[in-house]
Amino acid sequence: MKLTIGWLYPSKMNIYGDRGNVLALAQRARWRGLDAEIAPIGLGDPVPREVDVFFFGGGQDQEQVSVSRDLQGPKGQAVKDAVEGGAAMLAVCGGYQLLGHEYRPHDGEPLLGIGLFDLVTVAGRERFIGNVVVDTDFGPLVGFENHSGLTHLGPNARPLGRVRVGRGNNGRDGTEGARHRNAVGCYLHGSLLPKNPRLTDWLIASGLGRRGDGVDLPPLNDAMEQAAHAAAMERAVRTR
Ligand code: GLN
């Protein structure tokens, strides 16, 4: 069986180690004997129909301008259709922001998103930088955040979880990230997935499940991943 990972804008939206998420998805699939293919989807590229899991990383405001433009029209609709059809998605920070309705940076015009998540992000005066622990259905997720965007969830948005350490979506309402079907958006850089294997496996199984055949991933020896998770958790709690 093959897992196709659609990597959105790898040269534009890839900061703070976010590429590690793509490597974790591919490697945990390969460790189960799956054939994992990474399909880069850059500016002007079409969205391949066979994508099982999308990854959309973080980026600075100026990179988000061209990416926002590229996502308007058929391309953004193709991503939405794929997620509505069961494809999985992990979007981090700048990528997460552009999956909402719009992102309003400090300078310049608002950047249109694709409206996959019912949310709006507005650049704030303070930059949130630090370790984060979020309590979610996948257990506590650990990472770090570096964003000035304040994300406000609309009535149709479901948060990824509640902030235990850090600021999260906006530093006020205690939420972090958003979920819709098999899509997860969040502010957790790090990269996130190598230290949070349960979420990685959920994304792989959900993406493969879009074809209708339930997927049961055999367990792996996650001793190293759990040690990294514990170390990040200890650091987050100690430095809060
Ligand atoms: N430019 C956005 C912000 O500052 C996203 C930054 C990021 O992806 N880390 O909020």
Side-chain angles (χ1 to χ4, degrees), residues 6-24 40-43 54-72 76 79 89-134 141-154 157 159-161 163 165-178 183-196 199 232 236:
W7 189 358
L8 288 162
Y9 308 102
S11 64
K12 288 270 181 184
M13 303 295 283
N14 177 16
I15 54 178
Y16 310 133
D18 285 344
R19 67 189 297 271
N21 294 302
V22 176
L23 303 180
I41 307 169
L43 291 178
F54 289 94
F55 176 67
F56 194 178
Q60 303 305 343
D61 287 15
Q62 65 270 19
E63 305 297 356
Q64 291 176 283
V65 173
S66 55
V67 169
S68 165
R69 284 197 199 107
D70 192 64
L71 277 173
Q72 298 315 305
V79 172
M89 161 84 79
L90 173 65
V92 177
C93 207
Y96 166 44
Q97 294 170 343
L98 293 179
L99 293 185
H101 300 300
E102 70 175 16
Y103 168 52
R104 301 174 200 150
H106 287 288
D107 308 312
E109 294 300 307
L111 306 181
L112 290 177
I114 66 170
L116 178 69
F117 294 127
D118 178 19
L119 58 86
V120 172
T121 301
V122 183
R125 283 189 297 276
E126 179 187 2
R127 179 161 280 274
F128 293 168
I129 300 175
N131 296 303
V132 188
V133 178
V134 184
L141 299 179
V142 293
F144 79 84
E145 61 189 331
N146 183 334
H147 59 103
S148 66
L150 304 174
T151 294
H152 301 284
L153 302 183
L160 170 61
V163 175
V165 176
R167 310 299 293 275
N169 277 329
N170 51 54
R172 289 202 187 130
D173 65 10
T175 68
E176 162 50 14
V184 168
C186 66
Y187 277 110
L188 298 173
H189 291 287
S191 46
L192 173 66
L193 294 182
K195 297 191 289 290
N196 298 279
L199 176 58

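Values below: every heavy atom of this structure, side chains too, minus hydrogens, waters and symmetry copies. Since the structure is predicted, the reported quantities are computational estimates derived from the model, not experimental observations. As the structure lists them, so they are numbered: ligands from 1, and atoms in each ligand from 1.
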Asn21 meets the side-chain hydrogen bond (donor to acceptor under 3.5 Å, both in side chains) criterion, sequence neighbours left out, with none
Check each protein residue for a heavy atom under 4.0 Å from ligand 1 and list those that pass, ordered by chain and number.
Ile15, Tyr16, Gly58, Gly59, Gln60, Asp61, Gln64, Cys93, Gly94, Gln97, Tyr103, Arg127, Asn146, His147, Ser148, Gly149, His189
Answer yes or no: is there a donor N or O on one side and an acceptor on the other, between the side chain of Asn14 and the main chain of Arg19, under 3.5 Å?
yes
With side chains defined as the heavy atoms from C-beta onward, is the minimum distance between Tyr187 and Thr151 less than 4.5 Å?
yes
From NZ (Lys195) to CZ (Phe144), nearest 0.5 Å
8.0 Å
Given 3.5 Å as the limit, does a donor-acceptor pair link the side chain of Gln64 with the main chain of Leu111, or not?
no
Between atom CZ of Arg104 and atom CD of Gln97, what is the distance when rounded to the nearest 0.5 Å?
12.5 Å
